[in-house]
> 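Would you mind keeping the following structure in view while I ask a few things?
Predicted model only: the values in this text are computed from it and were never measured. Worth knowing before you read on, the calculation uses all heavy atoms, side chains too, and leaves out hydrogens, waters and symmetry mates.
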Amino acid sequence: MPELPEVESLTHFLRERAVGRTVLGVDVVAIQALKTFDPPVTALGGLTITGVARHGKFLDLDCDGLHLVIHLARAGWLRWRDDLSGAKPVRPGKGPLAVRVRLAPDEEGLAPGFELTEAGTQKRLAAYVTKNPDEIPGVAALGPDPLDESFTVDALKGILGGSRTQIKGLLRDQKIIAGIGNAYSDEVLHAAKMSPFKIAATLTDAQIADLHEAIVTTLGEAVERAHGLAAKDLKAEKKSGLRVHNRAGQPCDVCGDTIREVSFADSSLQYCPTCQTGGKPLADRRLSRLLK
């Protein structure tokens, strides 16, 4: 799933390549991907992309005041094409292509653009056309951005105070903190040396400060590694930079212990027992008691 660092990098990528270009048209292949109908998607044709922003995991292309907002969901991705002039007409089908955005030709006659694709059978990629991104429920409900200057230790302390939620789930909740998903929550907790099952309200001031440092540093370093990369290279960069996520069975880079996994219905988490749980392996969630 693309998370804050990847979406931030895509934002910069599109600023460099798409801003100032005119939208020739937007082809919606997967009808379920388009979540709005007024204004119609055809209204984007002829408008100029004047800016690109990020809201949590949402991409926001400002087209002369009309916004194309994109959420790549779990299996979505953005593929830039230097020339779409020879692309075949799109038809609804079973392929991964969901949306194609065609841009006006450049001085060399190349007509660039990008395609939104989504693998798998759970089609959750979403595209919105709106005059105000804050009217999109997912955007309006976002918690603070962890890369914003307002995200201080005291702000995090206020977020955690009184919450009986396990810290892993809290970090992934977009209504509480925007942009962190399954992968980077694993990475943050490993950096903070904290059990994913620890209850948020039980954190001491020192632990909150450590967690804040881990959030800001982990995400900041990931953004820095991804900066300047082409969209096609971001997935590989993300994978290469992960220390615990999706590395079950491998040695921890910090202590050498074996990274372990806890599986859930539709996801899993990875952690290092030595670094995070006092050497105690976490049992299956249905049987384990919460580690503190």
Side-chain angles (χ1 to χ4, degrees), residues 1-15 33-36 50-63 65-78 99 116 118 122 124-189 192 196 200-201 208 211-223 226 234 238 266-267:
M1 175 185 290
E3 300 178 36
L4 186 154
E6 295 79 55
V7 179
E8 179 73 11
S9 186
L10 287 174
T11 300
H12 285 284
F13 181 87
L14 290 175
R15 282 177 186 157
L34 185 62
K35 305 302 182 183
T36 54
T50 56
V52 185
R54 176 184 61 81
H55 313 287
K57 300 179 189 178
F58 289 82
L59 268 171
D60 176 6
L61 283 78
D62 186 340
C63 305
L66 193 61
H67 297 256
L68 173 61
V69 180
I70 300 160
H71 192 282
L72 294 170
R74 186 169 188 171
W77 197 243
L78 183 150
V99 178
L116 305 178
E118 186 173 23
Q122 295 183 353
R124 297 177 180 174
L125 184 147
Y128 309 80
V129 180
T130 179
K131 295 179 181 178
N132 182 4
D134 289 335
E135 293 179 351
I136 298 171
V139 174
L142 286 174
D145 192 294
L147 295 186
D148 192 273
E149 292 182 357
S150 63
F151 186 75
T152 62
V153 174
D154 285 341
L156 180 59
K157 184 176 181 179
I159 290 170
L160 301 178
S163 175
R164 301 303 301 175
T165 303
Q166 294 175 2
I167 194 65
K168 165 75 175 181
L170 183 144
L171 289 175
R172 294 183 61 187
D173 190 336
Q174 300 305 294
K175 295 179 181 179
I176 296 176
I177 301 175
I180 302 175
N182 196 32
Y184 286 106
S185 58
D186 282 349
E187 297 300 300
V188 164
L189 292 171
I208 293 173
L211 180 60
H212 179 271
E213 175 67 19
I215 292 171
V216 174
T217 300
T218 299
L219 295 178
E221 289 179 349
V223 169
L234 289 174
K238 177 180 181 179
D266 60 352
S267 66

> Ignoring hydrogens, what is the shortest heavy-atom contact between Gly143 and Ala178? Give both atom names and the distance.
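Closest approach of Gly143 to Ala178, heavy atoms only: O-CB, 3.5 Å.
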
> Side chains of Leu4 and Val223, heavy atoms from C-beta outward: is any pair under 4.5 Å?
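In short, these two side chains touch, coming nearer than 4.5 Å.
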
> Establish, yes or no, whether a centroid distance under 6.0 Å links the rings of Phe151 and His212.
yes

> Less than 4.5 Å apart, any side-chain heavy atom of Leu66 and any of Lys131?
yes

> Give, for atom OG1 of Thr217 and atom CD of Glu187, the distance between the pair rounded to the nearest 0.5 Å.
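Separation between the atoms: 13.0 Å.
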
> If you measure from OG1 on Thr11 to CZ on Arg54, what distance do you get to the nearest 0.5 Å?
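Interatomic distance, Thr11 OG1 to Arg54 CZ, rounded to 0.5 Å: 6.5 Å.
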
> Strictly distance-based, threshold 3.5 Å: is any side-chain N or O of Thr36 a donor or acceptor partner for the main-chain N or O of Val129?
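Between the backbone of Val129 and the side chain of Thr36 there is a qualifying donor-acceptor contact (under 3.5 Å).
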
> Is there a donor-acceptor contact under 3.5 Å from the side chain of Ser9 to the main chain of Ala226?
yes

> Can you name the nearest heavy-atom pair linking Ala183 to Lys238, along with the distance?
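Looking at all heavy atoms of both residues, the shortest contact is CB-CE, 3.8 Å.
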
> Would you say the side chain of Asp60 lies within less than 4.5 Å of the side chain of Val139, judging by non-hydrogen atoms?
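Counting from C-beta outward, Val139 and Asp60 never come under 4.5 Å.
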
> By the definition side-chain contact (heavy atoms from CB on, under 4.5 Å), identify the one residue from Leu68, Val69, Ile70 that meets it with Leu59.
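Output: one option passes, namely Ile70.
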
> Would you compute the distance between atom CD1 of Ile177 and atom CD1 of Ile159 and round it to the nearest 0.5 angstrom?
4.5 Å

> Can you confirm whether Ile215 sits close enough to Leu171 that some side-chain heavy atom of one is under 4.5 Å from a side-chain heavy atom of the other?
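Ile215 reaches Leu171 side chain to side chain.
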
> Measure the shortest side-chain to side-chain distance between Val52 and His12 over non-hydrogen atoms and say whether it is less than 4.5 angstrom.
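With C-beta onward as the side chain, the pair stays apart.
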
> Tell me whether the count of non-hydrogen atoms from other residues, nucleotides or ligands lying under 6.0 Å of NZ in Lys35 goes above 12.
yes

> Roughly how far, to the nearest 0.5 Å, is the CG atom of Leu147 from the CD atom of Glu149?
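Answer for the CD-CG pair, Glu149 versus Leu147, is 11.0 Å.
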
> Determine the minimum heavy-atom distance between Pro133 and His55, stating which atoms define it.
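Taking Pro133 first and His55 second, the nearest heavy atoms are CB-NE2, 4.1 Å.
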
> Output the distance between atom CG (Leu142) and atom NZ (Lys175), rounded to the nearest 0.5 Å.
10.5 Å

> Taking Ile180's backbone N and O only, do any of them form a donor-acceptor pair with Gln174's side chain (distance below 3.5 Å, no angle check)?
yes

> Do Asp154 and Thr152 have side-chain atoms, one donor and one acceptor, less than 3.5 Å apart?
no

> For a quick test of reading the model, state the closest non-hydrogen atom pair linking Leu78 to Leu72 and the distance between them.
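Smallest interatomic distance, heavy atoms only, reads N-CD2, 4.3 Å.
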
> Any side-chain to backbone donor/acceptor pair from Ser163 onto Leu160? Under 3.5 Å, distance only.
no

> What are the two closest heavy atoms between Ile208 and Val153, and how far apart are they?
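Looks like CG2-O, 4.1 Å.
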
> Let me confirm one number: the OH-CG distance from Tyr184 to Leu219, rounded to the nearest 0.5 Å.
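Interatomic distance, Tyr184 OH to Leu219 CG, rounded to 0.5 Å: 7.5 Å.
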
> For residues Leu170 and Ala200, report the shortest heavy-atom separation together with the two atoms involved.
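Looks like CD1-CB, 3.8 Å.
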
> Sort out for me which residue in Glu8, His71, Glu6 forms a side-chain contact (heavy atoms from CB on, under 4.5 Å) with Lys57.
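Considering Glu8, His71, Glu6, a side-chain contact (heavy atoms from CB on, under 4.5 Å) with Lys57 is found only for His71.
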
